[in-house]
Amino acid sequence: MNKVNCAIYVRKSTEHGLELEFNSLHNQEEACKAYVASQTFNRWGYHKTYSDGGISGGTMERPGLQKMLKDVRDGNVNMVVVYKVDRLSRSIVDFHKMIQELERYNCNFVSVTQAFDTSNSMGKLTLNMLLSFAQFEREVGSERVRDKIAATKAKGMWVGGTPPLGYDLVDKKLIPNPKEAEMVNNIFNKYLDLESILKLKDWTVEQGYKAKEWKTKKGHMKGGKHFLVATLHEFLRKQLYIGMIEHKSNNKVYKGQHEGIVPKDVFDKVQEMLGRRYENKVKRKKYEYAKCLFNKNLVTADGKVFLHTSSKKSARRFNYYYIRGGNCIPTEQIDKIALAAIGQIRDVNLRDMLPEDTKLAIKHLEPFHMSNVKNFLSKGLYLKKENISELMLHVNISEFIKYTQRNNNPNYLNDISIRNDGGITPSNDKKELIIKVEFVIDNTSSTKLKNTCSNNILTISQMNESLVRAIAYGWKFAKAMESGETVTELEKESGLQRRRIYKYINLTYLSPRIIEDIFENRNPKNTKLNEILDIASSNSSFIEQERKWYKREE
């Protein structure tokens, strides 16, 4: 009879108490080791402990859990031992996925404090009932915390978190700090003088003003950095400085129990100026229809015409080309790609494409802009092939020649050493130059359009660059956690959510063959960032990952 390698998995939802010499994780581990030792007659043997501290059981994105599942798939683990079922997962769906994964690799599951026999229907029913209560407990706990925060803020009390500049925390209450309060008022008044947050940022650096510095319960120093434009904008918007408490989730403001340190009239003037400058900024950036590159001349292969429209959300206006009931493409992004593609004309040898009597100094031309490109761009043809989009730009040669004659030195010829890479070809009738550019419409942008589309356009090279950056982030976060940083600290440093951080870390478990392809700028099926993150997070073997990488599933 072969030895049964037992993997112990321990988890704690919060980081509270993890700094203790003997904490909940140690307690779970000792109980599981004792149980494994009691089964020595069954040839059970301790293999390894996998730990996740400060991570909810409602997600599968846990480093310790992922490492354990990898060892299960590699055949190094035959038994998974936990203190309680909810330590493995509090989600019924996730738990069933894990059980199926364990069964696939002939790995059994044991809960030390709860007796289960999943080989019969009654045992499965009991297990599902217990998991239902575990999930219910997690959801009720979350609701209870949210309700408590809402009730606390409704009473005008400070609920905790980063102490604001201008106040000290005394018995969990905000007490004005005279020195910092003077600094806060100086910043508000200076903004009214400068009328520019960028200039205000430079002024705060000159004055040596920095954000609030404080010491955590663990003794770590936080804050104390120079203000950024974004942090100053948020700083000037805080109603806390006029004695109010904001509850952003409910979009409500309550009278606070703390004393305001900025005069109400000064605060109101600042808000008026911020609002006025933001409205002007939006007006300046408005991408009007007349300024679009494609004025009803972007079409599909079957002749459908892209129209141009815009939508507004939270005082921001988004512009895009669209077909009713079909595709929509962000205007600024596709125009930028088209201009860059047409700009290639300046860097290729067109001697064989242009009329013989036209010796033009194309390379000597100034960079193209939208206003002059419209003179010779006859149309754009949009094609969709699987997950790749193609844009075929038709340049009218006669109009292009007129433009070059107006903006060029006729005695300057193209550099004959510069060759066309095939992206530019003449039409059959020799009246047009056709420029082809490929790109991917990736659903990673936060731009919400009117018909609920959320698209971001990437060229093929940009897409691979995004994969390289993601892998770098994954190793960076993994190394940081190995050196002792918590995921909470990584959230604050990176500005990313916990779930996203774990998705990046999963890229460190990606097939070496896929990693090599990405770094060699190979992408057989033009896999996008979200797709590669899903592949890495799917708990699949290297063979399964490579199958998805090289052959897209329908």
Side-chain angles (χ1 to χ4, degrees), residues 7-21 23-26 28-29 48-71 87 89 160-163 210-228 230-231 444 446 464-512 514-516 518-519 529-530 532-539 542 545:
I8 295 174
Y9 180 75
V10 296
R11 181 185 64 80
K12 190 176 186 297
S13 297
T14 65
E15 296 182 355
H16 180 68
L18 290 180
E19 72 279 1
L20 299 177
E21 186 176 350
N23 55 46
S24 173
L25 297 179
H26 298 135
Q28 294 177 48
E29 184 179 14
K48 189 177 180 180
T49 298
Y50 302 86
S51 175
D52 283 314
I55 303 178
S56 168
T59 175
M60 290 277 287
E61 308 300 329
R62 291 173 260 162
L65 177 64
Q66 295 301 324
K67 289 179 182 177
M68 182 185 73
L69 292 175
K70 181 178 182 299
D71 284 348
R87 297 303 87 193
S89 178
T162 305
K210 296 182 180 181
K212 182 79 172 184
E213 185 178 33
W214 80 101
K215 183 183 289 187
T216 65
K217 292 181 179 179
K218 296 182 180 179
H220 302 306
M221 297 304 297
K222 296 289 184 180
K225 298 180 180 180
H226 286 294
F227 288 102
L228 302 175
T231 54
T444 58
S446 61
N464 247 38
E465 289 170 7
S466 70
L467 300 187
V468 173
R469 283 195 299 270
I471 292 171
Y473 276 127
W475 281 106
K476 175 185 176 182
F477 294 144
K479 292 293 184 183
M481 294 189 73
E482 287 177 6
S483 63
E485 279 197 70
T486 64
V487 68
T488 303
E489 291 172 335
L490 289 178
E491 282 182 299
K492 293 179 180 178
E493 291 174 7
S494 65
L496 298 173
Q497 293 182 351
R498 179 179 301 239
R499 184 178 181 85
R500 193 69 172 180
I501 290 174
Y502 284 129
K503 279 200 169 188
Y504 280 128
I505 292 176
N506 285 337
L507 291 175
T508 61
Y509 303 110
L510 204 58
S511 162
I514 297 177
I515 296 289
E516 181 182 1
I518 292 174
F519 279 93
L529 175 58
N530 279 353
I532 198 66
L533 289 174
D534 289 340
I535 291 174
S537 304
S538 62
N539 300 327
F542 286 171
Q545 289 180 2

Apply side chain to side chain contact (heavy atoms under 4.5 Å, CB included) to Tyr50 and Leu65, showing your working.
CA-CA 7 Å; Tyr50 302 86; Leu65 177 64; over 6 Å; no
Minimum side-chain heavy-atom gap Ile532-Ile535 below 4.5 Å:
yes
Side chains of Asn506 and Gln66, donor plus acceptor under 3.5 Å:
no
Could you tell me the separation between the CG atom of Leu510 and the CD1 atom of Ile471, rounded to the nearest 0.5 Å?
6.0 Å
Residues in salt bridge (Lys or Arg N to Asp or Glu O under 4.0 Å) with Lys70, at least two apart?
Asp74
Under 3.5 Å: donor-acceptor pair, side chain of Gln28, backbone of Arg11:
yes
State which residues pass side chain to side chain contact (heavy atoms under 4.5 Å, CB included) with Thr49; sequence neighbours excluded, sorted by chain then number.
Ile8, Val10, Glu29, Lys33, Tyr46
Using every non-hydrogen atom in the two residues, find where Lys210 and Gly224 come nearest and quote the distance to one decimal.
CD-O, 3.1 Å
Reported CD-to-CZ distance for the pair Glu61 and Arg500, which is rounded to 0.5 angstrom
10.5 Å
From Ile55 CD1 over to Lys12 NZ, what is the distance, rounded to the nearest 0.5 angstrom?
12.5 Å
Could you walk me through whether Tyr9 and Asp52 pass the side chain to side chain contact (heavy atoms under 4.5 Å, CB included) test, one step at a time?
CA-CA 8 Å; Tyr9 180 75; Asp52 283 314; 2.6 Å; yes
Step-by-step side chain to side chain contact (heavy atoms under 4.5 Å, CB included) determination, Trp475 to Leu507:
CA-CA 8 Å; Trp475 281 106; Leu507 291 175; over 6 Å; no
Please round to the nearest 0.5 Å and tell me the distance separating atom CE of Met221 and atom CD of Glu213.
4.0 Å
Can you confirm whether Lys67 is buried at NZ, in the sense that more than 12 heavy atoms of other residues, nucleotides or ligands lie under 6.0 Å from that atom?
no
If you define the side chain from C-beta out and look only at heavy atoms, does anything of Phe477 sit under 4.5 Å from Thr508?
no
Pair up each side-chain donor or acceptor in residues 491-499 with any protein partner under 3.5 Å, not counting sequence neighbours, and list the distances.
from	atom 1	to	atom 2	distance (Å)
Glu491	OE2	Arg498	N	3.0
Ser494	OG	Leu490	O	2.7
Ser494	OG	Leu496	N	3.2
Arg498	NH1	Gly54	O	2.7
Arg498	NH2	Thr488	OG1	3.3

